[in-house]
Amino acid sequence: MKIFDAHCDVLNKMWSEPGLTFSDDQSLQITYEQLKKTGAKVQLFAIFVPENVPEEVKFQAALEMVDIFYQEIIDRYDDMKVILTKRDLQELKDNEIGAILTLEGADALQGNRVYWTTLYRLGVRSLGLTWNHGNAVADGILEGRGAGITDFGKKIIGDNNRRGIWTDLSHVSIKGFWDAMDIAEFPIASHSNAKKLCGHPRNLNDDQIKALIQKDGIIGVTFVPKFLRDDRKAGIRDILNHVDYLCSLGGEKNIGIGSDFDGIDRGPDGLASYAGYERLINAMLQQFPEELVKGFCFTNFADKLPEKMGLSI
Ligand SMILES: [Zn+2]
């Protein structure tokens, strides 16, 4: 079964540990070989600049991760193809895997809109507004102030709308979420679960989930154990529970997966690395009709990739 995974932190890991290659099975939860053998079709690769990187070199760090994406992933493997437009996705050959560059947290933009345009020109096709704390666009969910979208943030979201870029609301504050929902044409939550089943602040409450469904957004169910279960002892069953719950709110066509591999110390039981997808898919097929499982694993995200993505500046 084809897999569309909306979030991983491989680039950050390779940036933090120079010398790692995308084939290093010992250190990475996602490798080229695992993608090939497990049925990957599209993988999103996040640029994530850690908070301890000094403000004035955050953009430089983002550029270094763009460089790793092209040099170590796209250029090194003939069948890894960068996706810049919807047509690129539709034209992937059977043996090819699409790779989409994303930015997790607008901190790297340093409040500079030209930096966003530059990253877009370099291929970034989804923007997570914040990580957990505040930045020039909005506050993250763990920022005590809880502020919404700034004037600068509104301009950035306007850029996303014009360019057909996903505005990713995982991590953003509650107020930021609702402000963004008012103006973002292509909202998603690339890696978040249901707060009803697991109370972590990073998860989405029912109203947020329903609003995303209503706006035809997608929610990438994530494998982060502390977002799956309050006691963190998560397994594949817990992922199914979150999927089932989102379905109960009417989200059958709005559920995807955003694993967060290489952003987590350990995956849930049975999902230590990308190869574990096989077990997850088999478990999904026991519980849901095949058509729905295809939707969760690939079609829902793929179909909703904006038609005008990447077509204008
Ligand atoms: Zn994240």
Side-chain angles (χ1 to χ4, degrees), residues 4-16 28-30 42-53 58 61-62 65-66 68-69 99-109 119 124-143 153 156 160 165-174 176-177 180 184 187-195 198-205 208-209 212 217-229 232 234 238-239 242 255-268 271 273-274 301:
F4 187 120
D5 182 339
H7 189 74
C8 78
D9 277 322
V10 174
L11 295 180
N12 171 271
K13 212 169 203 176
M14 291 175 76
W15 176 82
S16 308
L28 295 175
Q29 293 164 342
I30 295 187
V42 177
Q43 179 65 50
L44 272 62
F45 291 88
I47 297 165
F48 170 63
V49 179
E51 294 204 298
N52 61 3
V53 173
K58 280 188 190 310
M65 286 183 234
V66 172
I68 289 170
F69 174 76
I100 300 180
L101 199 50
T102 74
L103 178 62
E104 180 174 32
D107 314 54
L109 304 182
L119 288 178
V124 175
R125 291 295 181 262
S126 176
L127 172 66
L129 297 179
T130 66
W131 192 62
N132 287 334
H133 302 107
N135 65 34
V137 161
D139 277 357
I141 190 66
L142 299 184
E143 184 71 55
I156 294 292
N160 295 352
I165 297 294
W166 277 328
T167 296
D168 184 353
L169 304 177
S170 286
H171 284 283
V172 78
S173 68
I174 300 280
F177 177 94
I188 64 166
S190 67
H191 57 305
S192 291
N193 292 335
K195 202 173 266 177
C198 172
H200 195 285
R202 271 277 285 100
N203 285 341
L204 300 167
N205 64 39
Q208 291 176 306
I209 292 165
L212 276 166
I218 317 120
I219 299 152
V221 171
T222 187
F223 302 166
V224 184
K226 64 183 172 189
F227 305 161
L228 283 166
R229 270 175 85 106
R232 303 179 177 206
D238 298 290
I239 297 170
H242 281 270
I255 298 168
I257 299 175
S259 67
D260 210 358
F261 275 134
D262 289 306
I264 40 179
D265 293 338
R266 272 184 59 137
L271 262 171
S273 69
Y274 195 93
F301 260 124

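When a ligand or atom number is given, it counts from 1 through the structure's own listing order.
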**Prompt:** Between the Zn ion (ligand 1) and His171, is there an N, O or S atom separated by less than 2.8 Å?
**Reply:** yes
**Message:** Suppose we only count N/O/S atoms under 2.8 Å; would Asp260 qualify as near the Zn ion (ligand 1)?
**Reply:** no
**Request:** Decide whether Thr222 and Asp260 meet the rule of one side-chain donor and one side-chain acceptor closer than 3.5 Å.
**Result:**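 Absent: no donor and acceptor within the cut-off.
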Verify, without hydrogens or angle tests, whether [X] (side chain) and [Y] (backbone) share a donor-acceptor contact under 3.5 angstrom.
{"X": "His200", "Y": "Phe227", "answer": "no"}
{"X": "Thr130", "Y": "His171", "answer": "yes"}
{"X": "Ser259", "Y": "His7", "answer": "yes"}

**Prompt:** When you measure from the Zn ion (ligand 1) to each N, O or S atom of Glu104, which atom gives the shortest distance?
**Reply:** OE2
**Request:** Check His191 and report its N/O/S atom nearest to the Zn ion (ligand 1), by atom name.
**Result:** NE2
